[in-house]
Amino acid sequence: MQKIIRTDNVRVRFAPSPTGLPHIGNIRTALFNWLFARHHGGKFIVRVEDTDQDRLVPGATDAVLEALDWLDIQWDEGPRVGGPYGPYFQSQRLDIYQKLADDLLDREWAYRCYCSEARLKDMREAQAREKSQTGYDRHCRNLSKDERRAQEAYGGKSVIRFAVPLSGATVVEDLIRGQVVWQNELLDDFILIKSDGFPTYHMAVVTDDHLMEISHVMRAEEWLPSTPRHLQLHQALGQEPPQFAHLPMILGPDRSKLSKRHGATFVLDYRDQGFMQEALVNFLELVGWSLDDHTEIMTPSTVIENFSLERVNKAAAIFDYEKLTWMNGMYIRQLSEEDLADRVLPILEKGLPSEWLPVDRGYLLRIVPLIRERIKLLTDATDMTDFFFQTDLDFDPKRLIQKGMDHQSAMSALAACQAELTNAEAFEHEPLEQALRAAATELGLTHRQFFGTLRVAATGKDATPPLFETMEVLGRDRVLDRIRQAIQRLGDAETD
RNA sequence: GGCGCGUUCGUCUAGAGGCCCAGGACACCGCCCUCUCAAGGCGGAGAUCAAGGGUUCGAAUCCCUUACGCGCUACCA
């Protein structure tokens, strides 16, 4: 029987743990939760799961929020914005977990465990050696009253473990995967409260999902195996569990879980690399979900309107950097000149040598249409436009001599250009092109050769935006100056 | 080892019994356009739908088995 998806009072959450920088997988999970909330007119909540004091990374929470900000994924409750279900940092809710755990202790749904780490380690090694079932052996679950008293009197460290039912089965109706069943005898007595007084993920997540009235838990598939624990805990606490949906994982090119070792995995790195926020979001929406059989470029509102868990895939997906790059190019081409200029300006200011700065926005505005369909990453703009800002070109004069030409013909070509450009009435690309085409024919050079020489002289490069538009933007003085210098250098090269 | 999930072109995917000897996109190749580089247009190659058994008049779609991949198996999340 297919479970009906709740659509009223939708409250979903993104629950990052600040133990590292936010990566692609985390953010895709956040995105899907956000889309689901927006589609159903519900709330999207951010809750920081900072229960692991040893692995806390300073600044990680800020990085997560910054990534969400960058991608324009707004949260309705959580850090910075607050909300009626706070606090939204689990480290500030310790008393809540402790109280619930004590309650479980009283009702014998939980027990104190005094096992040392050494004992647990030995136990695990023995289990591995004997290839028997892994998991806690319930040593402390079976302690007598006296033994327990003795342990308490001794005053050593202890943890609180959940007493999992020894028989029966736990069933989840996953909204994406369907029914999944686990035999309870295979679950072990997991820890609720660690010896430092902090809850484990399981304790905290179950408590807060209930207290914050989370309606759907949407998380990566790696959490599926811990779902029966959560269901059991909800039941022990007398709570109605939320609905679950386990999202397919995002894998690296080697098909293993995406991680640092796959290189660019941190979301903010993509911003630095020149990806547009809109493109990354669009791309991520398409890993694990599709609108139909052909639509790929979609506005956020289109996706929100059409998002549904029924169209979420079950199979894990490999992160395709090439396709993301293509999509980024598509987005760049859709940008207005103003918008592109605004996005490229800070990149140039950062990437160009300081002596060529500052970049004049008006000048940039004239350059931008020439590069718009030639860059895939915003950062490509630096290499593509540097000659517009460069004060002195630097190139091997031999490159002025195009294929099939010799020193003399290159010299004549440059002289002809010099004459034409000096005499041109309007320094605009159309008349320039006409005049120069004629000049090429007169010299008996192909356009490829003639314009090739001029291109190197005017830009120092072999591949540039269209030559005539480029020269128009550079302006007569600068182009003539560069040609003069090219002639000079070509002459010097001969005498060498 | 145990448990769980998954399996359609290299990659992202469409497909919910006949519309599919499988459609779209990225990447790749060719042609066109062309002053270079792109963009764009057109075309091509690329999947015996993991394999094998069923069910059915008919299966990528339903069932079973196997294989492979991945995840979990911490006082990490």
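Every chain is numbered from 1 and lettered A, B, ... according to where its sequence line falls, protein lines coming before strand lines.
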When you measure only distances, ignoring hydrogens and angles, does the side chain of A:Arg177 come within 3.5 Å of the base of B:C5 through a donor and an acceptor?
no

Is the positively charged end of A:Arg28 above the ring of A:Phe32, judged by distance under 6.0 angstrom from the centroid and angle within 45° of the axis?
yes

One should read off an interatomic distance between A:Asn33 CG and A:Ile214 CD1, to the nearest 0.5 angstrom, of 9.0 Å

Partner nucleotide of B:C20 by Watson-Crick or wobble geometry (both distances under 3.5 Å):
none

Inter-nucleotide C1' distance (B:G71, B:A27), Å rounded:
29 Å

Between B:A22 and B:U55, how many Å separate the two P atoms, rounded to a whole number?
26 Å

Determine the Euclidean distance between corresponding C1' atoms of B:G69 and B:G30; express it in Å to zero decimal places.
36 Å

Here's a test for you: under salt bridge (Lys or Arg N to Asp or Glu O under 4.0 Å), which of A:Arg229, A:Arg161, A:Arg141 qualifies with A:Asp189?
A:Arg141

Tell me which nucleotide among B:C35, B:A25, B:A14 gets nearest to the side chain of A:His447.
B:C35

Donor-acceptor pair (no angle test) under 3.5 Å: A:Arg374 side chain, B:C37 base
yes

Work out how far the P atom of B:C63 is from that of B:C20, and round it to whole angstrom.
24 Å

Donor-acceptor pair (no angle test) under 3.5 Å: A:Arg448 side chain, B:C35 base:
no

Taking a pair to mean Watson-Crick or G-U wobble geometry with both distances below 3.5 Å, B:A14 pairs with none

Using the C1' atom on both, measure B:C68 against B:G43 and round to a whole Å.
37 Å

Tell me the partner of B:C37, counting only Watson-Crick (N1-N3 plus N6-O4 or O6-N4) or G-U wobble (N1-O2 and O6-N3) with both under 3.5 Å; none if nothing fits.
none

Tell me if the centroids of the rings in A:Tyr136 and A:Phe162 come within less than 6.0 Å of each other.
no

Using Watson-Crick or G-U wobble geometry with both distances below 3.5 Å, tell me the partner of B:U48, or none.
none

If you look at every strand shown and take non-hydrogen atoms under 4.0 Å, does A:Arg455 touch a base, only sugar-phosphate, or nothing?
base

Rounding to an integer number of angstrom, what distance separates B:G54 and B:G15 when you compare their P atoms?
29 Å

Does any donor atom in the side chain of A:Arg177 or A:His246 lie under 3.5 Å from an acceptor atom in the other side chain?
no

Of the nucleotides B:A27, B:U13, B:A77, which one has an atom closest to the side chain of A:Tyr201?
B:A77

Touch class at under 4.0 angstrom, heavy-atom based, for A:Asp54 against every strand present
nothing

In Watson-Crick or G-U wobble terms, with both distances under 3.5 Å, the base opposite B:G69 is B:C5

If we call it a pair only when both distances are under 3.5 Å in a Watson-Crick or G-U wobble match, what pairs with B:A60?
none

